[in-house]
Amino acid sequence: MRLYPKGYGGQRRDPEQVKRDGWHEQGVLAVSANDHRLTWPERALVEQLGTKLYGKRVEGREVRHG
């Protein structure tokens with residue numbers, strides 16, 4: 001007997017794999033403005049794009065990574 005509905009079992013993908021798959025399969029980019037792999041000009045560009053598309057970030061909000 002299964003404890004979960006069909007199609008809901010198995011392994012969960014880690015967040016980085018979900019981001020990678022989203023980029024490769026649908027052209028969707030999910031990146032943190034604080035990603036340590038980016039240089040400061042790249043982080044600034046991410047910040048500018050986010051502000052242009054979604055407005056200024058609210059300071060003091062809890063930041064979730066993952």
R20 pairs by side-chain hydrogen bond (donor to acceptor under 3.5 Å, both in side chains) with which of Q17, E16, H24? Q17
For the residue pair R13 and D21, establish whether any side-chain heavy-atom pair is separated by less than 4.5 Å. yes
Between R43 and L38, is there a donor-acceptor pair closer than 3.5 Å when you use the side chain of the first and the backbone of the second? yes
In terms of side-chain geometry, is the basic nitrogen of R37 or E42 positioned less than 4.0 Å from the acidic oxygen of its partner? no
Could you state whether W23 and V31 fall into the same hydrophobic cluster, counting links through intermediate Ile, Leu, Val, Met, Phe, Trp or Tyr residues with side-chain heavy atoms under 4.5 angstrom apart? yes
Determine, using the 4.5 Å side-chain heavy-atom cutoff (strictly less than), whether L53 and L29 are members of one ILVMFWY cluster. no
